[in-house]
Amino acid sequence: MLVTGGGGSIGSEICRRVVAFGAGELLVVENSEPSLHAILEELYEANLGVKVAGAIADVRDRDRLDTVFAQFDPHLVFHAAALKQLPFLEVDWAEGVKTNIFGSKNVMDAARGAQAVVMISTDKAVDPVSILGATKRFAEIYAQSLDEQERPAGGRRVICVRF
């Protein structure tokens, strides 16, 4: 299993649940070294018998993601990496586009070999009125189009979950 944004608020909780439920292996992908270190230390201390590793990578960097995914070859991917603070995104909207749209596309494309990708979205993607909502809605549309293309042929599932 692989979690992007594994050091963030939602991603770290997914990591905790994955370990608690006894996954065989978990790779935590995070672009913040302190956040990656903190969640890995917490998971190691839990000592629940799950093989846990970390990788520093930014979802904006497609080449790096391709390398990480090729080396780890995850069967299930939780994509929780995102920029989500409304005040900052309204000012620096281009950063939201780079991370929430193009970064999400990079993750979904790099995860071609996975059985399923679960993209964490937001309720703000329903009739979006903010940059956060709009960028997450774009990512949802891409995920839904991939799911519609691949699922009928028995391919992977690409699923969106809104929080």
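Just so you know, these numbers come straight off a predicted model, no measurement behind them. Heavy-atom basis, side chains included; hydrogens, waters and symmetry copies ignored.
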Check your understanding: Does Thr122 have any side-chain hydrogen bond (donor to acceptor under 3.5 Å, both in side chains) partners at least two apart in sequence or in another chain, and if so, which?
Key ->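 None.
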
**Study point:** side-chain contact (heavy atoms from CB on, under 4.5 Å) assessment of Gln115 paired with Arg157
**Key:** CA-CA 6 Å; Gln115 293 174 348; Arg157 294 298 318 262; over 6 Å; no

Review point. Please, which pairs that meet salt bridge (Lys or Arg N to Asp or Glu O under 4.0 Å) have at least one residue in residues 114-130, sequence neighbours excluded?
Key: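 Sorted result for residues 114-130: empty, none.
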
Identify every side-chain donor-acceptor pair in residues 79-87 under 3.5 Å, counting partners at least two apart or on other chains, and give the distances.
from  : atom 1 : to     : atom 2 : distance (Å)
His79 : ND1    : Thr4   : OG1    : 2.7
His79 : NE2    : Ser104 : OG     : 2.9
Lys84 : NZ     : Ser9   : OG     : 2.3

If you look at every heavy atom in [X] and [Y], which pair is closest and at what distance?
X	Y	answer
Ala143	Cys160	CB-SG, 3.5 Å
Ile120	Phe163	CG2-CD1, 3.4 Å
Ala139	Met108	O-CE, 3.8 Å
Gly54	Leu40	CA-CD1, 3.8 Å
Ala55	Leu27	N-CD1, 4.0 Å
Ala114	Arg156	O-CB, 3.0 Å

Nearest 0.5 Å, please: how far is [atom2] in [Y] from [atom1] in [X]?
X	Y	atom1	atom2	result
Lys105	Phe138	NZ	CZ	14.0 Å
Leu36	Ile56	CG	CD1	5.5 Å
Asp109	Leu146	CG	CG	6.5 Å
Thr67	Arg64	OG1	CZ	6.5 Å
Cys15	Ile39	SG	CD1	5.5 Å
Ile159	Phe78	CD1	CZ	8.5 Å

Got a sec, which residues hit side-chain contact (heavy atoms from CB on, under 4.5 Å) with [X], two or more places apart in sequence or on another chain?
X	result
Asn31	Asp58
Ala20	Arg17
Asn106	Arg62, Leu65

Using the rule that two of Ile, Leu, Val, Met, Phe, Trp, Tyr join whenever any of their side-chain heavy atoms come within less than 4.5 Å, decide whether [X] and [Y] are in one cluster.
X	Y	answer
Trp93	Leu132	yes
Ile14	Val29	no
Val117	Val161	no
Leu48	Leu76	yes
Val97	Tyr142	no

Under a 4.5 Å cut-off applied to non-hydrogen side-chain atoms, are [X] and [Y] in contact?
X	Y	answer
His75	Met1	no
Leu43	Val28	yes
Phe69	Val77	yes
Pro128	Lys136	no
Val3	Leu26	yes

**Study point:** Neighbour count above 12 (heavy atom, 6.0 Å) for Phe88 CZ
**Key:**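 Counting neighbours around CZ of Phe88, 12 or fewer heavy atoms of other residues, nucleotides or ligands fall under 6.0 Å, so no.
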
Do any N or O atoms from the side chain of [X] and from the backbone of [Y] form a donor-acceptor pair under 3.5 angstrom?
X	Y	answer
Arg60	Glu95	yes
Thr99	Gly96	no
Glu30	Gly7	yes

Review point. Salt bridge (charged side-chain N to carboxylate O under 4.0 Å, His left out) between Glu42 and Arg16: does it pass, once the steps are laid out?
Key: CA-CA 9 Å; Glu42 180 183 333; Arg16 289 182 196 100; 2.4 Å; yes

Check your understanding: Do NZ/NE/NH1/NH2 and the carboxylate oxygens of Glu140 and Arg162 come within less than 4.0 Å?
Key ->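 Salt bridge present between Glu140 and Arg162.
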
